[in-house]
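As structure tokens, the structure follows; a few thoughts come after it.
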2 protein chains.
Amino acid sequence: MPAQAATESETGYLPEPARAEIRLEKVLSALSDPLRLNIVRAYLLDAGGVERSCSWFAIDRPKSTRTHHWKVLRESGIMRQRMVGLEKRNTVREEDLDARFPGLLDLVRAWEPEAE
Amino acid sequence: MPAQAATESETGYLPEPARAEIRLEKVLSALSDPLRLNIVRAYLLDAGGVERSCSWFAIDRPKSTRTHHWKVLRESGIMRQRMVGLEKRNTVREEDLDARFPGLLDLVRAWEPEAE
DNA sequence: GAACTAGTTCGATTACAGTCGAACATACAC
DNA sequence: GTGTATGTTCGACTGTAATCGAACTAGTTC
């Protein structure tokens with residue numbers, strides 16, 4: 001759970017590994033899938049550091065597949081998620097990942113999807 | 001193939017992607033396997049930057065499984081391999097990977113296998 | 001040429017991961 | 001209470017990857 005004590009407006013956070021529990025091999029595995037890598041990259045480059053809903057970034061997949069990928073990203077410790085009403089708000093755990101794996105998120109920012 | 005033209009003592013290099021062709025998602029995928037991550041880490045920390053044979057670092061797997069993993073490491077662009085007589089000599093492509101993905105190899109060096 | 005060694009290939013098995021449709025749960029608006 | 005929207009779960013299917021034994025290849029030593 002995020003560092004500060006939960007208040008009313010901060011409840012609804014989904015379970016996530018603590019900073020010290022984030023494993024490099026889990027993060028690398030999550031990011032090795034181009035679809036997830038693209039999601040994280042979009043949040044880093046275009047979300048402006050604020051929470052965005054799942055539908056903010058269009059994922060060309062059925063809902064169940066999207067749910068699967070968001071779960072992988074959260075459980076690996078890359079994304080933080082909380083429910084607000086109907087929708088899930090997501091952010092990249094930039095502070096945690098920069099502390100644990102300095103430079104990794106810069107590589108994600110610099111990555112470009114392979115041309116079709 | 002390595003940048004300089006092959007001479008007699010440099011023949012035997014196995015096919016590998018050119019520096020510009022090394023893909024982040026391929027490298028992350030190769031490194032997401034703890035066995036391979038451990039191999040690369042050992043070469044970075046203990047090989048002293050010189051070529052070492054496949055058997056220099058004991059991999060607790062049958063030969064065919066080891067062949068499989070070495071192939072993944074080479075084809076992703078992480079390891080460079082060449083045959084000398086019977087054995088394969090391996091090095092981490094540190095210069096290439098530092099140029100392409102600055103900081104990534106430091107994360108590998110800093111990684112520690114999960115306690116059993 | 002035989003024996004030994006490092007490593008490969010093949011094919012099969014197992015495990016894991018990505019895929020998705022259908023049914024479902026929940027929050028919200030009216 | 002109904003309708004709509006976001007997202008989940010379940011189970012099944014498909015694809016990918018790790019596993020390994022057996023047979024094999026090639027280099028080296030004697």
Side-chain angles (χ1 to χ4, degrees), chain A residues 8-16 23 25-40 43 51-91 113-114, chain B residues 8-16 23 25-40 43 51-91 113-114:
Chain A
E8 188 71 10
S9 61
E10 282 165 344
T11 55
Y13 280 97
L14 279 74
E16 62 181 37
R23 295 288 306 172
E25 65 272 24
K26 292 287 188 187
V27 168
L28 297 184
S29 177
L31 293 176
S32 69
D33 181 84
L35 190 143
R36 291 195 292 269
L37 187 51
N38 210 27
I39 293 170
V40 179
Y43 272 76
E51 284 178 325
R52 303 283 186 176
S53 71
C54 292
S55 56
W56 167 75
F57 180 73
I59 305 172
D60 182 28
R61 290 289 193 281
K63 292 190 290 179
S64 47
T65 306
R66 293 184 227 150
T67 296
H68 161 75
H69 285 292
W70 280 115
K71 186 177 180 182
V72 172
L73 286 172
R74 173 173 49 83
E75 291 184 348
S76 66
I78 295 170
M79 303 293 295
R80 168 164 293 140
Q81 297 187 290
R82 70 186 178 109
M83 296 302 300
V84 175
L86 282 171
E87 55 177 37
K88 215 175 265 170
R89 302 285 179 78
N90 315 297
T91 50
E114 206 152 29
Chain B
E8 189 70 12
S9 60
E10 284 166 342
T11 55
Y13 280 98
L14 278 73
E16 63 181 33
R23 296 287 307 172
E25 67 271 23
K26 293 286 187 186
V27 169
L28 297 184
S29 177
L31 293 176
S32 70
D33 182 87
L35 190 143
R36 293 194 293 267
L37 188 49
N38 210 27
I39 292 171
V40 179
Y43 271 76
E51 284 178 326
R52 302 284 184 175
S53 71
C54 292
S55 57
W56 167 75
F57 180 72
I59 304 172
D60 183 27
R61 290 287 195 282
K63 293 191 290 177
S64 48
T65 305
R66 292 185 227 150
T67 297
H68 162 76
H69 285 292
W70 281 113
K71 185 176 181 181
V72 172
L73 287 172
R74 172 170 52 83
E75 291 185 347
S76 65
I78 296 170
M79 302 292 294
R80 168 165 293 141
Q81 298 187 289
R82 71 187 176 110
M83 294 303 299
V84 175
L86 280 171
E87 52 177 40
K88 214 175 266 170
R89 304 282 180 80
N90 315 297
T91 49
E114 204 153 31

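Fair warning: this is a prediction, and the values are worked out from it, not measured in the lab.
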Do you know the tightest heavy-atom contact between Val27(B) and Ser76(B)?
-> CG2-O, 3.6 Å
Non-neighbouring partners of [X] that pass side chain to side chain donor-acceptor pair (under 3.5 Å), sequence neighbours left out:
X: Arg52(A); value: none
X: Glu75(A); value: none
X: Arg89(A); value: Glu87(A)

Just by protein heavy atoms under 4.0 Å, how would nucleotides 13-23 of chain C read 5' to 3' in B, S and -?
-> -----SBBB--
Going 5' to 3' along nucleotides 25-30 of chain D, which nucleotides have protein heavy atoms under 4.0 Å from the base (write B), which only from the sugar-phosphate (write S), and which from neither (write -)?
-> -BBS--
Under the rule for side-chain contact (heavy atoms from CB on, under 4.5 Å), what residues qualify as partners of [X], not counting sequence neighbours?
X: Ser64(B); answer: Pro62(B)
X: Asp33(A); answer: Leu35(A), Arg36(A), His69(A)
X: Lys63(A); answer: Arg66(A)

Whole angstroms only, please: what is the [atom1]-[atom2] distance between [X] and [N]?
X: Met83(A); N: dA5(D); atom1: CE; atom2: P; result: 16 Å
X: Gln81(A); N: dG7(D); atom1: CD; atom2: C1'; result: 10 Å
X: Leu31(B); N: dA17(D); atom1: CG; atom2: P; result: 15 Å
X: Lys71(B); N: dT9(C); atom1: NZ; atom2: P; result: 6 Å

Would you tabulate the side-chain donor-acceptor contacts of residues 53-60 of chain B under 3.5 Å, counting partners in other chains and residues two or more places apart, or write 'none'?
from, atom 1, to, atom 2, distance (Å)
Ser53(B), OG, Ser55(B), N, 3.4
Ser53(B), OG, Ser55(B), OG, 3.2
Ser53(B), OG, Trp56(B), N, 3.3

